[in-house]
Amino acid sequence: MMNIMHPALRRLDLNLLPVFDAVYRYRSVRLAADELAMSTSALSHALSRLRTALNDPLFYREGHRMCPSVYATQLAPSIASALKFLNQELTPQPEFSPATTTERLQIAITDFTAFCIFPALMEKLQYDAPGLGFDLVYLPHSPALTELLAGEIDLALGFSTPDEVRHPELDEIDWFRDEYVVISNKSRSALTLEDYLAARHLVVTPWNEKQGVIDLQLEQMGYTRQIAIKTPSMLSAPFIVARSDLLMAIPRFAAEKVMPAVDITLFALPFDIAPFEVKIYSHKRSGKRGATSWLQATLQTLAQEIKSGR
């Protein structure tokens, strides 16, 4: 025989429970009806249905008071507790208000995405959402699928990889697109494809990946390059390049930001390649949907401002 879940609840109209609770507290049909915005006749009818369903008189009239039966006295604390719990849990989520929020978002980053995004973002949010806080953690891999699905982080800011597979539980937004350029020390005055292939290279691998988009593209062209050093840190890399003969491919935005601080020269990448793309990943069932949706919209606006202000 098939199991029937919650048999007692299935035969009971749960709308009758607030009626029981109100009559028990007020010991009055009239006062209970007033609280529930019902007529006394409608409440009396509901009470009659509840008596039938529970096979107990529940309340006896003594003068102007409704006195509970022994069974009703036993039921009352549990019903009151259940109604309080459900009322709290089923309260609609408030609309997200950036001006008054004190939420904290856990965001997975690389040092590049933090460098690209957070200086301009925090400048903007100090006026628009001063109470919104962030806990930044390094992105263990892109798109941090496991962490997003587990609810350990609210957003991931990462760049797309050649082997990336879209997951139906994740939303992704193309946030920032940029072209790759090459940086070198100040002694170099030109850069051809032959120069590029003959040089030694520094490669940033935030997830210790074996092959990135540059090397995949070169492989498709029938070339390889000599990689002298791999590092997970994009921000330390230009300082290494400035003191060595190494070349480094880097998004233009980052190269132009670090040039005032380090002695490097910028060249166009001497072959065609797809642009560098940063994406925003979030879980479709995020518990902080209002905050994450607002932040994603803010980031998209910010991306346009960053591009126009370059």
Side-chain angles (χ1 to χ4, degrees), residues 1-106 128-133 148-152 154-155 168-171 282-298:
M1 181 181 294
M2 183 171 59
N3 245 344
I4 299 178
M5 293 291 289
H6 311 300
L9 295 180
R10 288 169 62 90
R11 61 182 174 78
L12 180 67
D13 181 353
L14 298 184
N15 290 312
L16 300 177
L17 297 183
V19 170
F20 173 93
D21 180 65
V23 174
Y24 184 85
R25 285 185 289 105
Y26 286 110
R27 304 295 203 267
S28 167
V29 170
R30 180 180 62 81
L31 294 177
D34 288 345
E35 179 180 275
L36 298 174
M38 299 171 66
S39 68
T40 55
S41 62
L43 189 137
S44 295
H45 177 68
L47 189 56
S48 177
R49 291 174 56 205
L50 190 58
R51 285 166 167 155
T52 301
L54 297 179
N55 193 30
D56 189 87
L58 298 177
F59 298 96
Y60 299 91
R61 183 175 294 279
E62 292 185 0
H64 296 294
R65 288 175 57 81
M66 299 292 288
C67 297
S69 69
V70 173
Y71 183 47
T73 302
Q74 292 172 347
L75 287 177
S78 297
I79 290 178
S81 177
L83 290 174
K84 180 180 179 181
F85 174 78
L86 289 173
N87 190 59
Q88 290 173 343
E89 294 300 310
L90 297 178
T91 299
Q93 292 294 306
E95 291 291 327
F96 177 74
S97 171
T100 60
T101 185
T102 56
E103 287 197 60
R104 294 190 72 81
L105 297 178
Q106 283 68 44
D128 296 348
L132 183 60
L148 283 165
L149 293 177
E152 296 171 1
D154 301 302
L155 290 176
E169 290 290 311
L170 298 186
D171 283 331
S282 62
H283 196 299
K284 291 180 183 293
R285 294 181 280 110
S286 168
K288 300 177 182 176
R289 201 64 188 169
T292 56
S293 296
W294 180 85
L295 183 60
Q296 287 177 85
T298 300

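Because only heavy atoms are used, hydrogens play no part in the values below, and waters and symmetry mates are left out as well, while side chains stay in. The first residue of the sequence shown is numbered 1, and numbering continues consecutively from there.
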So does Pro57 get a backbone contact from the side chain of Arg51, meaning a donor-acceptor N/O pair under 3.5 Å?
yes
Looking only at non-hydrogen atoms, find the nearest pair between Phe96 and Glu103 and report the distance.
CD1-OE2, 3.8 Å
Can Leu132 and Trp294 be said to form a side chain to side chain contact (heavy atoms under 4.5 Å, CB included), step by step?
CA-CA 11 Å; Leu132 183 60; Trp294 180 85; 4.0 Å; yes
Set out, in order, the CA-CA distance, both residues' side-chain angles and the distance that settles side chain to side chain contact (heavy atoms under 4.5 Å, CB included) for Val19 and Arg49, then state yes or no.
CA-CA 11 Å; Val19 170; Arg49 291 174 56 205; over 6 Å; no
Decide yes or no for Pro68 and Arg27: does some side-chain heavy atom of the first lie under 4.5 Å from some side-chain heavy atom of the second?
yes
Backbone N or O of Ala32 within a donor-acceptor pair of the Arg25 side chain at under 3.5 Å?
no
Check whether Ser48 reaches the backbone of Ser44 with its side chain - one donor and one acceptor, N or O, closer than 3.5 Å.
no
Spacing of Ser28 atom OG and Arg61 atom CZ [to the nearest 0.5 Å]:
8.0 Å
Of the non-hydrogen atoms in Ala53 and Leu12, which two are nearest, and what is the gap between them?
CB-CD1, 3.7 Å
What heavy-atom pair brings Ala72 and Phe20 nearest, and what distance separates the two atoms?
O-CZ, 3.4 Å
Donor-acceptor pair, side chain of Ser293 and main chain of Arg289, under 3.5 angstrom
yes
To the nearest 0.5 Å, tell me how far Asp34 CG sits from Thr40 OG1.
9.0 Å
So which atom in His283 and which in Leu170 form the shortest heavy-atom distance, rounded to 0.1 Å?
CA-CD2, 4.1 Å
Validation row: Leu43, Leu36 side chains within 4.5 angstrom (heavy atoms):
yes
To the nearest 0.5 Å, what is the distance between CG on Asp154 and CG on Leu148?
8.5 Å
Interatomic distance, NE2@His45 vs CG@Leu47, rounded to 0.5 Å, equals 11.0 Å
Taking all heavy atoms of Ala99 and all of Pro130, pick out the closest pair and write down the distance.
O-CD, 4.2 Å
Value for CG (Leu75) from CG (Asp21), rounded to nearest 0.5 Å, stands at 11.5 Å
Atom OG of Ser69 and atom CZ of Phe59: how far apart are they, to the nearest 0.5 Å?
7.5 Å
